[in-house]
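Heads up: the structure comes next, in structure tokens.
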Protein chains: 2
Amino acid sequence: MAKIDDVARLAGVSKGTVSNVFSQKRPTSKTVREKVLQVSRELNYVPNHIARSLVTKKTMAIGLTIPHGNFFFSVFHNQFINGVVLEASIYGYRVLLDMIPVEEVKTPSLASYPIDGAIVLGPTEEDERIDLLHQNQVPFVTVGKIINEGLYDATTVNNDNDQIMRDICDYLVGFGHRNMMFLNAGRHSTVSIERTEGFVRALQEHEIELQPHMVHYKPGIHSDQYMTYGYDETIRILGERKERVTAIIADDDRTAFSVMNAINELGYSVPDDISLFVICGDLSMMHQVTPSLTGMDLQPSELGAQSVKQLMHKLGVLEGEYPDNCIVSSTIIERSSCSPVYSRNESVST
Amino acid sequence: MAKIDDVARLAGVSKGTVSNVFSQKRPTSKTVREKVLQVSRELNYVPNHIARSLVTKKTMAIGLTIPHGNFFFSVFHNQFINGVVLEASIYGYRVLLDMIPVEEVKTPSLASYPIDGAIVLGPTEEDERIDLLHQNQVPFVTVGKIINEGLYDATTVNNDNDQIMRDICDYLVGFGHRNMMFLNAGRHSTVSIERTEGFVRALQEHEIELQPHMVHYKPGIHSDQYMTYGYDETIRILGERKERVTAIIADDDRTAFSVMNAINELGYSVPDDISLFVICGDLSMMHQVTPSLTGMDLQPSELGAQSVKQLMHKLGVLEGEYPDNCIVSSTIIERSSCSPVYSRNESVST
DNA sequence: CCGAAGTATTAAACCGGTTTAAACATCACG
DNA sequence: CGTGATGTTTAAACCGGTTTAATACTTCGG
């Protein structure tokens, strides 16, 4: 690979000038510029990204840490990543995936991070990733609330989870549902904690007594029940315990499908007997299936884009004032999996 | 941030020694090592990844280029990425996402790639990404056949698309289907080309005449019909043209759902009237829906892992002989969306 | 026509590590 | 005690760019 000295020599100018031609940080005369570019083309020269990073102290890459496991992530993650990558590319930034298999967090990788900043998706209560970033002085933005904000000079992008749960409950209670079951995501992420809190609060507002069967958490990703969570809980609560639940709120579409399976197996149907609400799922797919699924549009792609914007501010790439927190709005997408509780009786009387 | 000189000074040794303590490339005495590590801890020192890369000429990162657009990618991509990230982490490599919004491919990014190698998913017939990598002398592995193999010293990981189509056709013809419709992926990727060829060949083997309505390609990602492709074609062919198609092969689950919608709308049902086969989809979800969908297990995660292995060989990280091409096996996962053609009559007679 | 101000260019220092070649220490052996 | 073998440590060169401070070349007002 040709290097800057080769170009400089052949073009009859100094390294500094060649550098300026490419970085455009200082003006160069047209004559020189064209000569340099011509030589570069002949030599197939491209500035070495690493060498440049070393002195500018910018890698032009941001890290994206996604809590994973040995499993796939969801459509939400997809769209989120898309939002991140697309927005980052606007500022000339690349995205480094950091789906750390949890055990490895403990090895401080024996070297600094080759990134200028990071986006942390779904922080947990005691998140090692955050400690690590903070310790290495990597600026970061979290997507989802973070505990001990002050400690980290934290910036957060989030949905308004409290509002989301209130909206959902208002919607379902408006349909007459009072015995609802919430199949939340994993117990540890702050987002899921916020949602449970929001759910409980919403119930209070509607003067509905919170019962033990109403809130459940998805088991850990390595658990056997991870995939069958929705099915299992539905069978257990509605089948074995015979709770008269009339509406189920599922955290994601996968869980919802699993729930639907159980519902069918129990001889019920959606939405006539039981309404089903999906918080976070693939809207286009939810539209295609039968019955189509009512759910929330969390705008994952927008979450991704906003988190990049926030990070760019932190990095000084974007200027001007900006708030430390950014809330991305979410709206209910009404389809056909939720209906008034009395609809069954109606259809019977018809 | 503390640098190596600081550590060297405080520990009373030379830079070179400190370097050796961290890189472990040369032995150091226990006394010195402990002193250095102790000082490093006090100073919160971590070797600078960039500086190291500059001289070792290794970034310990590989690029992953996924053809995207402004849209989400699928579960296949998910699992593929997971396979890549997980396998790469074994060798200490990180993954840099390179979902280049197509226009930008043309800007050679004004700097070399900060990666040691790349994985190209779904190459197209004339793939600019490949030309670019080749030109920048970045070793790469493609997932999916590549045209002009020889030109690029190419290594490929792939499913046996010919065999896949043959298996599917054998399966469906075994059920008595002879009028099948194949809703393929986009026209440009080499994978989709291979599949069409395989399909045509399989039809010949069964002495079924290929008719124009039997093969379709998904429109471009920016097209209005991208999302409704399955629905549109089904309505057009089965509804308007009244072709007596008895089986539909859909490239992905999204398309399959869309097809199912159309089938229902036309007053048919799956699988009684029409069998539905999904080539590439989310198996767990396909299991949950009603009717559950029969499809192929392409082992995306394994494809990802294998492509990393191949790349590691190219980079000299893994040693020993290895073939230039790697075929990942795929098997039919039988569920309930495909059945014999005469099943309708049977059920009527019951 | 001179001095000031502005524009291009350059040589040398620098970024923070690794690597090389030489120096130094230690120890065993004849 | 000299010699060689082995094992550690070091000073200096190097990786391939950017940046600084000095220098040369223009332009322009008075």
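Source: prediction; values computed, not measured. Naming convention: chains lettered A, B, ... in sequence-line order (proteins, then strands); numbering from 1 in each chain.
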Interatomic distance where [atom1] belongs to [X] and [atom2] belongs to [N] [whole Å]:
X: L43(B); N: dG16(C); atom1: CG; atom2: P; answer: 14 Å
X: M1(A); N: dC15(D); atom1: CE; atom2: P; answer: 16 Å
X: R33(B); N: dT8(D); atom1: CZ; atom2: P; answer: 9 Å
X: K35(B); N: dT8(D); atom1: NZ; atom2: C1'; answer: 18 Å

Inset, instruction - Indicate whether any N or O donor in one side chain lies under 3.5 Å from an N or O acceptor in the other, for E42(B) and Q38(B). - result: yes
Legend entry - K3(B)/D5(B) salt bridge by N-O under 4.0 Å criterion: no
Distances under 3.5 Å only, N/O to N/O: pair up the protein atoms with those of nucleotides 17-21 of chain D.
residue, atom, partner, partner atom, Å
dG17(D), OP1, N48(A), N, 3.4
dG17(D), OP2, I4(A), N, 2.7
dG17(D), O5', Y45(A), OH, 3.1
dG17(D), O5', N48(A), N, 3.2
dG17(D), N7, K15(A), NZ, 3.0
dG17(D), O6, K15(A), NZ, 3.0
dT18(D), OP1, R52(A), NE, 3.0
dT18(D), OP1, R52(A), NH2, 3.4
dT18(D), OP2, S19(A), OG, 2.2
dT18(D), O5', S19(A), OG, 3.4

Inset, instruction - Determine whether K309(B) and C326(B) make a side-chain contact, defined as any pair of heavy atoms from C-beta on separated by less than 4.5 Å. - result: no
Inset, instruction - Give a yes/no verdict on a cation-pi contact between K58(B) and Y93(B), requiring under 6.0 Å between NZ or CZ and the six-membered ring centre and an angle within 45° of the axis. - result: no
Inset, instruction - Return no unless some side-chain N or O of K30(A) is found under 4.0 Å from OP1 or OP2 of dA8(C). - result: no
Legend entry - Under 4.0 angstrom between T28(B) side-chain N/O and dT9(D) OP1 or OP2: no
Legend entry - Taking every non-hydrogen atom, the tightest pair across G144(A) and T190(A): C-OG1, 4.0 Å
Table of protein N/O atoms under 3.5 Å from nucleotides 26-28 of chain D N/O atoms:
none

Verify, without hydrogens or angle tests, whether [X] (side chain) and [Y] (backbone) share a donor-acceptor contact under 3.5 angstrom.
X: S19(B); Y: K15(B); result: no
X: N20(A); Y: K25(A); result: no
X: S40(A); Y: Y45(A); result: no
X: D116(A); Y: I62(A); result: no

Please write out each protein N/O paired with an N/O of nucleotides 26-28 of chain C under 3.5 Å, distance rounded to 0.1 Å.
none

Inset, instruction - Determine, step by step, whether H77(A) and L121(A) satisfy the side chain to side chain contact (heavy atoms under 4.5 Å, CB included) criterion, reporting the C-alpha distance in whole Å, the side-chain angles of both residues, the deciding distance to 0.1 Å, and the verdict. - result: CA-CA 9 Å; H77(A) 293 142; L121(A) 185 56; 3.5 Å; yes
Inset, instruction - Specify whether H313(A) and Y322(A) have parallel, tilted or perpendicular ring planes, treating 30° as the upper limit for parallel and 60° as the lower limit for perpendicular. - result: parallel
